[in-house]
Every structure is written in structure tokens, then in C-alpha cells.
Amino acid sequence: MEIWDNPSCSKCASARASLDGAQVPYRLRAYLTEPPSEAELAGVLRRLSARAWEVCRTGEPDGVALGLADWPRDDDSEPRWIAAMVAHPELIQRPILLLDDGSALVGRTPEALDEAVRRSDR
């Protein structure tokens with residue numbers, strides 16, 4: 001499993017603690033310093049079965065500066081959302097858990113973390 005991790009994020013710390021407690025191995029990706037490419041983020045969105053705006057932190061300072069709250073949320077606009085998140089990776093919701101089975105979860109809730117543990121290969 002790979003975790004898109006922000007070391008200063010409490011939700012990321014909770015995810016690491018849950019996985020450590022369950023002895024689930026994982027790799028950390030410091031996505032703020034190793035941002036994904038547009039193609040990679042699009043692939044993660046497919047794995048999440050999510051649209052770009054569903055995992056975008058529009059309230060972050062860069063999101064507010066870009067006016068993301070007012071951007072259209074449609075098929076034609078999705079590449080623009082993806083490009084914004086790649087250019088400003090702090091806009092990407094965290095933590096994203098990329099499971100070894102090819103799926104992905106946003107690990108912000110205890111239920112999502114329990115699901116990640118259940119689906120891990122350990």
C-alpha cells in the first residue's frame with residue numbers, strides 16, 4: 001500500500017497509526033514534494049471512482065486564490081481541476097491510500113482505515 005502523506009496532517013498521522021497498529025506495511029509518498037503527474041492523478045481518480053473536485057481542498061489558500069469554488073464541475077472542466085492539483089499538490093485531499101489490489105481510498109475516517117486494513121495483504 002502507498003500513502004500519499006503530508007507529515008503535518010493529523011488525518012495522515014491517524015492513517016499511519018492505524019496501519020502501524022494493524023501491522024499493515026505501507027510506503028509513504030510525500031506528495032507535496034513528489035507531486036503526481038496529471039496522468040497519474042487521473043489514474044488515482046479512476047481508482048477512487050471520484051471526480052477531481054471531490055478530492056480537491058478548495059478552501060486551501062491556493063484554492064481560494066484560484067477561485068476553485070466557482071469552477072464548473074463537468075467533464076470538460078475536469079482536466080483543469082487535475083492540472084490545478086498537480087501544480088498545487090496541497091489541494092489534493094489527504095491521505096490517499098493506494099491499495100495493492102488496484103483500488104484506492106481516501107483515508108479520512110476510521111471506517112475507511114478499517115476497510116484499508118481489511119483489504120490489505122499483510
Side-chain angles (χ1 to χ4, degrees):
M1 175 182 320
E2 180 176 279
I3 301 174
W4 286 14
D5 182 64
N6 175 346
S8 64
C9 168
S10 63
K11 296 291 185 180
C12 292
S14 292
R16 293 188 309 269
S18 291
L19 297 174
D20 288 345
Q23 299 182 324
V24 174
Y26 57 86
R27 301 170 301 286
L28 292 177
R29 177 173 178 171
Y31 73 97
L32 295 176
T33 57
E34 298 175 50
S37 67
E38 290 180 20
E40 185 178 15
L41 183 53
V44 168
L45 290 168
R46 282 190 296 277
R47 289 172 74 169
L48 287 167
S49 297
R51 303 303 299 262
W53 48 86
E54 295 172 337
V55 298
C56 187
R57 299 171 58 89
T58 59
E60 290 289 322
D62 284 341
V64 172
L66 291 168
L68 291 177
D70 298 325
W71 284 16
R73 297 172 186 216
D74 57 31
D75 290 345
D76 291 339
S77 300
E78 191 152 31
R80 182 179 178 201
W81 284 86
I82 291 170
M85 288 191 285
V86 168
H88 305 277
E90 67 278 2
L91 298 176
I92 300 170
Q93 189 58 267
R94 58 188 183 255
I96 293 180
L97 310 176
L98 303 177
L99 283 69
D100 293 336
D101 67 4
S103 64
L105 298 165
V106 176
R108 295 189 61 78
T109 65
E111 296 79 17
L113 296 172
D114 289 347
E115 179 68 10
V117 168
R118 189 184 66 72
R119 291 167 45 188
S120 71
D121 292 336
R122 281 192 270 176

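Along the sequence shown, residues carry numbers from 1.
In the hydrophobic clustering of this structure, Leu98 does not group with Leu113; members are Ile, Leu, Val, Met, Phe, Trp, Tyr whose side-chain heavy atoms approach within less than 4.5 Å, directly or through other members. Under a hydrophobic-cluster definition in which Ile, Leu, Val, Met, Phe, Trp and Tyr are linked whenever side-chain heavy atoms come within less than 4.5 Å, directly or via other members, Leu99 and Leu28 are assigned to the same cluster. In terms of hydrophobic clustering, with Ile, Leu, Val, Met, Phe, Trp and Tyr side chains grouped at heavy-atom distances under 4.5 Å, Leu48 and Val117 are assigned to different clusters.
Panel note: side chain Ser77, backbone Arg73; no donor-acceptor pair is recorded below 3.5 Å. A donor-acceptor pair under 3.5 Å links the side-chain atoms of Arg29 to the main chain of Glu34, judged by distance alone. For the pair Tyr31 (side chain) and Ile92 (backbone), a donor-acceptor distance under 3.5 Å is present. Listed for the Arg80 side chain is no donor-acceptor partner under 3.5 Å among the backbone atoms of Pro72.
Between Val55 and Val44, every side-chain heavy-atom pair lies at or beyond the 4.5 Å cut-off. Asp20 has its side chain within reach of Tyr26: a pair of non-hydrogen atoms, C-beta onward, lies under 4.5 Å apart. Looking at heavy atoms from C-beta onward, Pro36 lies in side-chain contact with Trp4 at the 4.5 angstrom threshold.
In terms of heavy-atom proximity, Ala112 sits nearest to Val106 at CB-O, 3.4 Å. For the residue pair Ser120 and Met1, the shortest heavy atom distance occurs at CB-CE, 4.2 Å. The minimum heavy-atom distance between Arg27 and Asp100, with the atom names listed, is NH2-OD1, 4.0 Å. Shortest non-hydrogen contact noted between Ala116 and Leu97 is CB-CD1, 3.7 Å. The minimum heavy-atom distance linking Arg57 with Glu90 is given by the pair CD-O, 3.7 Å. In plain terms, the two heavy atoms of Ile82 and Ala52 that are nearest each other are CG1-CB, 4.0 Å.
Here the options are Lys11, Arg94, Arg16, the test is salt bridge (Lys or Arg N to Asp or Glu O under 4.0 Å), and the partner is Asp5; only Arg16 passes. The residue from Leu68, Leu41, Asp62 that alone fulfils the side chain to side chain contact (heavy atoms under 4.5 Å, CB included) condition with Met85 is Leu41.
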Q) Between Arg119 and Leu105, is a side chain to side chain contact (heavy atoms under 4.5 Å, CB included) present by the stated rule, with each step listed? A) CA-CA 11 Å; Arg119 291 167 45 188; Leu105 298 165; 4.0 Å; yes

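Note: Arg108 CZ to Ile96 CD1 = 10.5 Å, rounded to the nearest 0.5 Å. In this structure, the separation between CD on Gln93 and CD on Glu60 is 9.0 Å, given to the nearest 0.5 Å.
Ion pairing between Arg51 and Asp75 holds under the 4.0 Å rule for side-chain N and carboxylate O.
Between Trp71 and Trp81, the ring planes are perpendicular. Angles over 60° get that label, and only those under 30° would be called parallel.
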